[in-house]
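Just so it is clear: chains get the letters A, B, ... in the order the sequence lines come, proteins before strands, and each one is counted from 1.
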2 protein chains.
Amino acid sequence: MSGGLDKGTEKQILDAAYKVIIQKGKQGARMQEIADVAGVNKALLHYYFRSKDKLYEAVLQNALTEIFKHVTSNVDFSLPFKDLLASFIRNHIHAIREGGDILKFFLSEVWTNKDELVPKLREFLQTADGSLPKLFQARVKKAVKDREIRNVEPFHLLMNVISLDVFFHIVGPLFFMMMNVPKLYQKKLESDRTDQVIEFVWEAVRYRER
Amino acid sequence: MSGGLDKGTEKQILDAAYKVIIQKGKQGARMQEIADVAGVNKALLHYYFRSKDKLYEAVLQNALTEIFKHVTSNVDFSLPFKDLLASFIRNHIHAIREGGDILKFFLSEVWTNKDELVPKLREFLQTADGSLPKLFQARVKKAVKDREIRNVEPFHLLMNVISLDVFFHIVGPLFFMMMNVPKLYQKKLESDRTDQVIEFVWEAVRYRER
DNA sequence: GTCTATACCAAGATAGAC
DNA sequence: GTCTATCTTGGTATAGAC
């Protein structure tokens, strides 16, 4: 019913679908639950998005956009490498935290649903700005030549930075549980994380006279 | 039918379930497919394991055992820290590769199915040998005092090592695709990975006169 | 555009013959 | 223990009234 504070039924449904599907994955999500969360009738989902597949596609599109919005956040490649690294990591970790559960969702779906998801991802990347990795690679090579850092393979470095950021975000909570880390100490470890990573990476790569 | 090369129907079913569920997750797995893979009738799944839930539990138990078998592989904590680190990482990466797809499965399921999985994990850890992290922590602290390495937080270090190992294993292929890395270069990056990680971590933590 | 009712089907589970 | 046939549930999808 068109109550006063209506934000458009279609968007309402899409938002609800987003929430539910991100949590439970494609298989786990139920049309009924999406309808409930949206506060509308189940039949309306089919009215606006013909099928679950279509709805899922729409959600995927949103999620991808959301992620890349953060990732592409501007990095100043003219900074000294140390500062570049720090700002890159800060941006990146910040983006990960902003992104909420999307990353977990992707890691989840990529595995169980890769036949559908990987082509979609590929397609999306065609249109997206793919220059970041290239710029990063070039900058690393320059830094090596200028003796800002030791000779490291750009791919591995990028991989390392992303690993350190993303993996902690995803598995950290589980890890805390497994190791019985007290709540208070968890907080400390979490807030220290960014600086720890920056220091770790920088120490790992910085150039040293021999 | 009790054909000659029968390895026991129950085990046959369990093996099939393991394969299918690891690939598709709990929600995605179909009893029919499991039956097909096992080469038996669907009804037999219910005969041996009353329900899908029970079957899932059995698979989970197996997967957990499988993972921890590798993880607990003996590490010699009396080695110099540099060598310890190298052997730890080598063991770890090796275990990850041996473990095949189990890790991906867990990362997947932990997100979509955490209400069921996390308690199970907790319970399993009660019985498992939880001494490894403690030993590692103690060894790190000693290494700091002995000036083998700079002052690093043991938790972060352990987290870092695991991140670098596991994340690459899981996301690497996706990454290659996204960055359009040629097949041949992929191979090289993969085989270089272990040594790269060892060097990266060691450079990051080693003690240096100032 | 939104609802109710219902068709349709796939998947988990059971009964009962062999 | 193993099969066929069948029940039941629950989820997607559609028809049709309002």
Length of the line joining A/Q27:CD and D/dG11:P, which is rounded to integer Å: 13 Å

Sugar-phosphate only, base, or nothing, as touched by B/Y47 at under 4.0 Å among non-hydrogen atoms: base

A/N41, nearest nucleotide to its side chain (from C/dT2, C/dT4, D/dA13): C/dT4

B/K42 NZ - C/dA10 C1' separation (whole Å): 9 Å

Options C/dG12, D/dT12, D/dT14, nucleotide nearest the side-chain atoms of A/A43: D/dT14

A/S51 vs D/dT12: side-chain N/O to OP1/OP2 distance below 4.0 Å: no

Heavy-atom neighbours of B/K24 NZ exceed 12 at 6.0 Å: no

Sugar-phosphate only, base, or nothing, as touched by B/A35 at under 4.0 Å among non-hydrogen atoms: nothing

Pairwise 5' ranking along DNA chain D for A/R50 and A/R30, keeping only the more 5' one: A/R30

Atom-to-atom span, CG of A/D53 to C1' of D/dG11 - whole angstrom: 14 Å

Nucleotide nearest A/H46 when distance is taken to its side chain, options C/dA13, C/dC3, D/dA13: D/dA13

Between P of C/dA13 and CD1 of B/I34, the distance in whole Å: 11 Å

Upstream residue (5' side of DNA chain D) when B/V40 and A/M31 are each assigned their closest nucleotide: B/V40

Sugar-phosphate only, base, or nothing, as touched by A/F49 at under 4.0 Å among non-hydrogen atoms: nothing

side-chain hydrogen bond (donor to acceptor under 3.5 Å, both in side chains) involving B/E123 - partner list, sequence neighbours excluded: none

Spacing of B/L44 atom CG relative to D/dC3 atom C1', expressed in whole Å: 8 Å

Euclidean distance, atom NZ of residue A/K52 to atom C1' of D/dG10 [Å, nearest integer]: 12 Å

Whole-Å gap separating P (D/dG1) and CG (B/L45): 15 Å

Residues, nucleotides or ligands: over 12 heavy atoms within 6.0 Å of B/K54 NZ: no

Test: B/D15 and B/K11 ion pair at under 4.0 Å: yes

Presence of salt bridge, B/R90 and B/D195, under 4.0 angstrom: yes

Atom pair distance, as rounded to whole Å: CD in B/Q32 and P in D/dT4: 11 Å

